[in-house]
Amino acid sequence: MHFRGSKIILFLGYLFLYLPLICIVVYSFNESRLLATWTRFSFKWYGTLLSNPIILRATWTSIKVACLSATVSVVLGTMSAIIITRFTKFRWKPLFIGAITAPLVMPEVVMGLSLLMLFVGLERVFGWSTGSGTTPIIIAHITLTLSYVTMLVHARLHDLDRSIEEAALDLGASPLKAFFVITLPMISPAIVLGWLLAFALSLDDVVIASFVSGAGSTTLPMVVFSSLRFGISPEINALATILMTLLSIGVIILAVLFYKKKI
Amino acid sequence: MTNPMYRAEEKVISWLVGIAKKISGHNLLIAIPFTWIFLFFICPCLILIEISLSESLIASPPYTSMVEWLSGHMLQIRMNLGNYLVLFTDEMYIRGFITSVFIAGMSTACCLLIGFPMAYAIARTPERLRNIFLMLVVLPFWTSFLIRVYAWIMLLSPGGFINSLLMKYNIIETPLQLMNNSFAACIGIIYAYLPFMIFPLYNAIEKIDYALIEAAYDLGCSPMKAFFSIVVPLSAPGIFAGSALVFVPAIGEFVIPELLGGAQTLTIGRLVWNEFFGNMSWPTAASLSIVLLIFVVFPIVLVQGHRETKFLSRN
């Protein structure tokens with residue numbers, strides 16, 4: 001049953017969501033630096049972007065950080081989800097759940113600040129220096145994304161039919177084997193989604209990375225953020241268009257895979 | 001003759017075996033994520049509290065330590081509440097809190113005004129189309145956050161899209177000041193967090209039995225009245241959840257007010273950043289963070305959590 005104007009509302013709503021992004025894509029192909037004049041179609045800004053060593057290095061750093069933190073986060077998140085769903089006798093569970101979900105509501109500035117203070121403290125007390133490497137960013141991103149992964153995997157584990165797992169245990173499989181052979185394949189869609197979400201969150205974060213990163217390591221969002229402070233730049237248009245294209249391809253592949261129930 | 005060394009070794013070995021037995025499966029599984037969360041979430045929070053109670057120093061690190069050993073055997077604990085006192089007396093911080101609450105509140109209200117009709121319209125489309133419409137809502141959310149903020153810089157800045165267009169057709173002569181005010185910060189937040197509002201609203205509205213509304217119509221209820229007396233109360237859990245999901249990240253937001261809000265839109269997030277990076281005043285930054293958590297974030301989370309459990313137990 002339609003109510004009057006529902007199509008207009010949807011049209012306006014999606015216009016609001018997509019028009020700004022379409023503007024970016026269109027103007028990434030404008031040769032002029034100014035928005036007022038459309039000179040001609042060109043790939044000029046893509047060229048300058050791809051020959052910018054700072055952006056290339058930062059992209060590589062970001063991808064490395066995102067891959068590593070997403071992987072660790074998925075492992076720890078799956079463990080935490082198992083603890084939350086399956087360990088009924090665990091005494092510290094409320095504290096555990098609270099601490100693991102707290103980063104979801106923690107303002108980024110507070111989280112960045114507190115982690116940096118921890119790293120400074122560690123260096124002062126134990127002499128353990130994180131140096132200028134990417135280690136602090138990776139640790140911070142794991143802590144940030146852990147809660148999201150845990151929630152995703154927990155939701156899946158919660159809905160799972162436990163009897164299959166119990167049957168395996170009754171037939172003499174060790175708990176470890178039952179997990180890897182029965183449970184893991186069944187929760188793998190949630191794990192894949194969790195990895196992708198953690199990857200995207202890590203690739204997106206600018207505040208926490210700015211706080212904890214040393215002088216030598218700059219991630220892509222940090223570079224973009226500092227250039228945005230100076231206003232419009234056609235190179236960022238080109239970068240955004242590339243990112244959006246990659247994203248759309250990724251989403252289409254995922255949608256097709258999920259549709260065909262491959263994962 | 002027993003060798004004392006041998007005895008000691010035996011003791012160590014049996015002790016290690018005892019530990020190894022305790023570190024079987026379950027405990028190890030609990031220990032790994034627990035250690036991580038303890039080290040990198042709980043410890044940083046405790047350190048933050050400690051630093052918020054210390055005094056600012058011009059040194060490295062720039063704060064006094066709370067616990068100190070005096071002449072080797074006397075423990076001295078110093079707590080300084082001065083940082084908190086400043087926050088509640090200095091006008092800049094008070095105004096920062098008001099600005100943050102105002103911007104977050106406005107954005108939440110606008111998100112609700114835009115999100116509710118959209119969620120309602122999506123819930124009323126044919127079932128096979130709903131997932132596509134919902135996916136179209138999340139899709140921009142997966143593009144980089146900074147890019148979504150940048151899109152609005154491009155639209156609103158003095159040399160941006162809207163001003164260029166208006167000037168080209170001679171509607172205005174000088175660029176309008178659309179950016180660098182709290183209005184722009186609100187738009188940025190609405191754009192960035194709208195999906196957080198639409199999803200819980202959609203989940204609540206989808207469950208409403210349409211027959212109820214039809215019954216109201218049949219009994220002579222006007223559409224407006226039917227909407228406010230049936231749809232709104234039944235979607236209340238979605239309204240509250242969505243509002244919390246927008247308000248909580250909006251209140252501590254740093255990037256959007258920094259890029260779109262201009263110099264005078266000083267939110268708490270920006271104040272924390274400025275105290276830390278600009279003034280090198282770690283204790284002030286820490287106490288600002290603690291106040292933000294205790295007075296703003298915790299109450300909302302607690303109320304929302306309470307509402308959710310109450311709602312779940314009622315159904």
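Here is how names work: the chains are called A, B, and so on, in the same order as the sequence lines, proteins then strands, and each is numbered from 1. These numbers come from the heavy atoms of this one structure, side chains and all, not from hydrogens, waters or symmetry mates.
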Should we count [atom1] of [X] as having more than 12 external heavy atoms under 6.0 Å?
| X | atom1 | answer |
| --- | --- | --- |
| B/Arg128 | CZ | no |
| A/Ile8 | CD1 | no |
| A/Phe180 | CZ | no |

TODO: Kindly state whether the ring of B/Phe295 and the ring of B/Phe97 have centres lying under 6.0 angstrom apart.
DONE: no
Open item on the list: Centre-to-centre under 6.0 Å for B/Phe116 and B/Phe227, is that the case here?
Closed with: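 Yes, the ring of B/Phe116 comes within the 6.0 Å limit of the ring of B/Phe227, centre to centre.
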Side chain, backbone, both or neither: which part of [X] has an atom under 4.5 Å from a heavy atom of chain B?
| X | value |
| --- | --- |
| A/Ala102 | both |
| A/Pro103 | both |
| A/Ser248 | neither |
| A/Leu243 | side chain |
| A/Ala99 | both |
| A/Leu247 | side chain |
| A/Leu95 | side chain |
| A/Val206 | side chain |
| A/Leu115 | both |

What part of [X] gets closer than 4.5 Å to chain A, counting heavy atoms only: side chain, backbone, both or neither?
| X | result |
| --- | --- |
| B/Leu194 | side chain |
| B/Trp152 | side chain |
| B/Leu136 | both |
| B/Pro140 | both |

Open item on the list: Given the ring of B/Tyr120, does B/Arg124 sit roughly above its face, with NZ or CZ under 6.0 Å from the centre of the six-membered ring and within 45° of the axis?
Closed with: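 Yes, cation above the ring, under 6.0 Å and within 45°.
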Open item on the list: Please determine whether side chain to side chain contact (heavy atoms under 4.5 Å, CB included) holds for the pair A/Ile139 and A/Phe119, giving the CA-CA distance in whole Å, both sets of side-chain angles, and the decisive distance to 0.1 Å.
Closed with: CA-CA 10 Å; A/Ile139 292 176; A/Phe119 293 137; 4.0 Å; yes
Task: Options B/Gly115, B/Cys43, B/Pro158, B/Ser144, ranked by heavy-atom pairs under 4.5 Å with chain A, top entry - done: B/Ser144
Task: Electrostatic pair B/Glu253:B/Arg270 at N-O distance under 4.0 angstrom - done: no
TODO: Give the C-alpha distance, both sets of side-chain angles, the deciding distance and a yes or no for side chain to side chain donor-acceptor pair (under 3.5 Å) between A/Thr241 and A/Ser28.
DONE: CA-CA 7 Å; A/Thr241 308; A/Ser28 73; 3.2 Å; yes
